[in-house]
A.B. asks: 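Got a structure for you, written out below as structure tokens; questions coming shortly.
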Amino acid sequence: MASAKNSQDALDNYNIWKANFVTACNNGRYRIKFDNPSETVSEGIGYGMLLSVYAADKTLFDGLWLYYKDNLNSNGVMNWKINGCSGVNGANGATDAELDVAFALIVANYQWASTGTINYKNEAKSLIAIIKTHEIEANTFVLKPGDQFGGSQITNPSYFAPYAFRFFQKYDEIHDWNCLIDSSYYYLNQVMAKTETHLPPN
């Protein structure tokens, strides 16, 4: 840790990020600029929701969540790339985005409770159930890279998020998320054993 640090440093950098990457749409919606600033990806929405919930920026958080919900596919996850405020440019979900968004909704329930216009707890539980149904391979408990492809033959270790799965278990007692935790560490260990540095690849 830096010897000279304070919470103002975090806030200053949050505001720099916000000024450079956040842009408003209509009806209280917000999006995060991608590499091409005219586009937004679901992963960016997830990052933005995590940053804004920890910064207690409720207006931005709610606007990002509404944007996410405006751009769902038939399975109930956000299409991964959107042209500006609307218009699908990349169809179907990216699992890392869903994990970040669901975890951010859990944090929002702790941050603001669920008594306002958005019930963060119920929204988190709903998205977690969708992740379980569409983004985890049945029987193997392997995390799929998206809701429309992948599983034990194609996965992405950088998407594994055991810390989030532990919280999902608290919100979704019907399903056994411990199996996904176990499979994540199993596959990470298999991959790390085959690398020269014994570190997981991206």
Side-chain angles (χ1 to χ4, degrees), residues 41-54 61-62 64-81 90-192 200-202:
V41 294
S42 56
E43 186 178 47
I45 296 297
Y47 293 157
M49 289 177 66
L50 287 170
L51 286 168
S52 58
V53 73
Y54 281 113
F61 182 91
D62 288 356
L64 292 171
W65 172 236
L66 292 173
Y67 179 94
Y68 181 98
K69 292 186 71 175
D70 283 349
N71 293 287
L72 302 180
N73 73 357
S74 59
N75 285 336
V77 297
M78 181 180 160
N79 290 296
W80 77 274
K81 186 187 284 187
N92 301 315
T95 303
D96 58 334
E98 273 70 74
L99 299 179
D100 284 346
V101 169
F103 189 75
L105 288 165
I106 290 173
V107 177
N109 182 50
Y110 286 102
Q111 183 77 283
W112 300 300
S114 292
T115 56
T117 56
I118 299 175
N119 189 312
Y120 304 113
K121 184 174 184 179
N122 286 346
E123 297 282 20
K125 291 174 72 171
S126 176
L127 183 54
I128 289 166
I130 290 170
I131 293 168
K132 184 67 176 71
T133 300
H134 297 291
E135 295 185 333
I136 298 170
E137 188 175 58
N139 302 318
T140 66
F141 302 103
V142 174
L143 192 73
K144 297 164 61 177
D147 65 319
Q148 299 288 343
F149 76 105
S152 52
Q153 297 303 311
I154 301 174
T155 190
N156 187 334
S158 74
Y159 287 9
F160 295 174
Y163 69 92
F165 305 151
R166 297 180 197 283
F167 279 90
F168 292 178
Q169 184 69 73
K170 298 176 184 292
Y171 276 63
D172 178 23
E173 297 176 352
I174 297 173
H175 301 106
D176 183 5
W177 287 87
N178 289 315
C179 290
L180 187 59
I181 294 170
D182 292 342
S183 76
S184 296
Y185 283 122
Y186 172 79
Y187 282 103
L188 282 172
N189 285 328
Q190 292 294 308
V191 171
M192 288 189 292
N202 181 7

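Note that the structure is predicted; figures quoted are calculated from it, not measured.
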A.B. asks: Rounded to the nearest 0.5 Å, what separates atom CD1 in I45 from atom OH in Y67?
C.D. replies: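 It comes to 5.5 Å.
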A.B. asks: Identify all side-chain donor-acceptor contacts of residues 100-112 below 3.5 Å with residues at least two apart in sequence or on another chain.
C.D. replies:
| unit_1 | atom_1 | unit_2 | atom_2 | d |
| --- | --- | --- | --- | --- |
| N109 | OD1 | S114 | OG | 2.7 |
| N109 | ND2 | Y171 | OH | 3.0 |
| Q111 | NE2 | V53 | O | 2.6 |

A.B. asks: From N178 CG over to I181 CD1, what is the distance, rounded to the nearest 0.5 angstrom?
C.D. replies: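 If I round to the nearest 0.5 Å, the distance is 4.5 Å.
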A.B. asks: How close do Y120 and A113 get, heavy atom to heavy atom, and via which atoms?
C.D. replies: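 Shortest heavy-atom separation between Y120 and A113 comes out as CD1-O, 3.1 Å.
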A.B. asks: Check whether N73 reaches the backbone of N75 with its side chain - one donor and one acceptor, N or O, closer than 3.5 Å.
C.D. replies: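 Confirmed, N73 side chain pairs with N75 backbone.
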A.B. asks: Can you sort out the partners of F141 under side-chain contact (heavy atoms from CB on, under 4.5 Å), two or more places apart, ordered by chain and number?
C.D. replies: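 K132, C179, S183.
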A.B. asks: Any salt bridge (Lys or Arg N to Asp or Glu O under 4.0 Å) involving residues 157-180? Give me the pairs, sequence neighbours left out, ordered by first then second residue.
C.D. replies: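 Sorted result for residues 157-180: empty, none.
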A.B. asks: For P145, is there any backbone N or O sitting under 3.5 Å from a side-chain donor or acceptor partner on N156?
C.D. replies: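 Such a contact is absent between N156 side chain and P145 backbone.
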A.B. asks: Indicate yes or no: at least one non-hydrogen side-chain atom of L143 is less than 4.5 angstrom from one of I136.
C.D. replies: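 Yes, close enough: below the 4.5 Å cut-off.
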A.B. asks: Under the ring-ring contact (aromatic ring centres under 6.0 Å, His included) test, which residues partner F168, sequence neighbours left out?
C.D. replies: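 Counting only residues at least two positions away or on another chain, F168 forms a ring-ring contact (aromatic ring centres under 6.0 Å, His included) with W177.
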A.B. asks: What is the distance from atom CD of E43 to atom CE of M78, rounded to the nearest 0.5 Å?
C.D. replies: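 These two atoms lie 11.0 Å from each other.
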A.B. asks: Just to verify, what does D62 make a salt bridge (Lys or Arg N to Asp or Glu O under 4.0 Å) with, not counting sequence neighbours?
C.D. replies: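 Salt bridge (Lys or Arg N to Asp or Glu O under 4.0 Å) check on D62 returns K58.
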A.B. asks: Considering only residues two or more places apart or on different chains, which pairs with a residue in residues 106-130 satisfy salt bridge (Lys or Arg N to Asp or Glu O under 4.0 Å)?
C.D. replies: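 Counting only pairs at least two positions apart or across chains, the salt bridge (Lys or Arg N to Asp or Glu O under 4.0 Å) contacts touching residues 106-130 are K69-E123.
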A.B. asks: A side-chain contact here means heavy atoms from C-beta on lying under 4.5 Å apart; do W65 and I118 qualify?
C.D. replies: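 Contact flag for W65/I118 side chains = yes.
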A.B. asks: Counting only heavy atoms from other residues, nucleotides and ligands, does the tally under 6.0 Å from CG of L72 exceed 12?
C.D. replies: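 Result for CG/L72: enclosed.
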A.B. asks: Closest heavy-atom contact between N122 and N119?
C.D. replies: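 Taking every non-hydrogen atom into account, N-OD1, 2.9 Å.
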A.B. asks: Report yes or no: does N79 contribute a side-chain atom to a donor-acceptor pair with the main-chain N or O of N92 at less than 3.5 Å?
C.D. replies: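 The answer is yes, because a donor-acceptor pair under 3.5 Å joins these two groups.
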A.B. asks: Provide the closest heavy-atom pair for P157 versus L188 in the form atom of the first, atom of the second, distance.
C.D. replies: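 Shortest heavy-atom contact: CB-CD2, 3.9 Å.
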A.B. asks: Just by distance, no angles: are the side chains of Y159 and E98 close enough, under 3.5 Å, to form a donor-acceptor pair?
C.D. replies: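 No, no side-chain donor-acceptor pair sits under 3.5 Å.
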A.B. asks: If we ignore hydrogens and angles and just use 3.5 Å, is the side chain of K144 paired with the main-chain N or O of H134 as donor and acceptor?
C.D. replies: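 Answer holds: yes.
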A.B. asks: Give, for atom OH of Y163 and atom CZ of F165, the distance between the pair rounded to the nearest 0.5 Å.
C.D. replies: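 These two atoms lie 8.5 Å from each other.
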A.B. asks: Would F160 and L180 satisfy side-chain contact (heavy atoms from CB on, under 4.5 Å), going step by step from the backbone distance to the final call?
C.D. replies: CA-CA 9 Å; F160 295 174; L180 187 59; over 6 Å; no
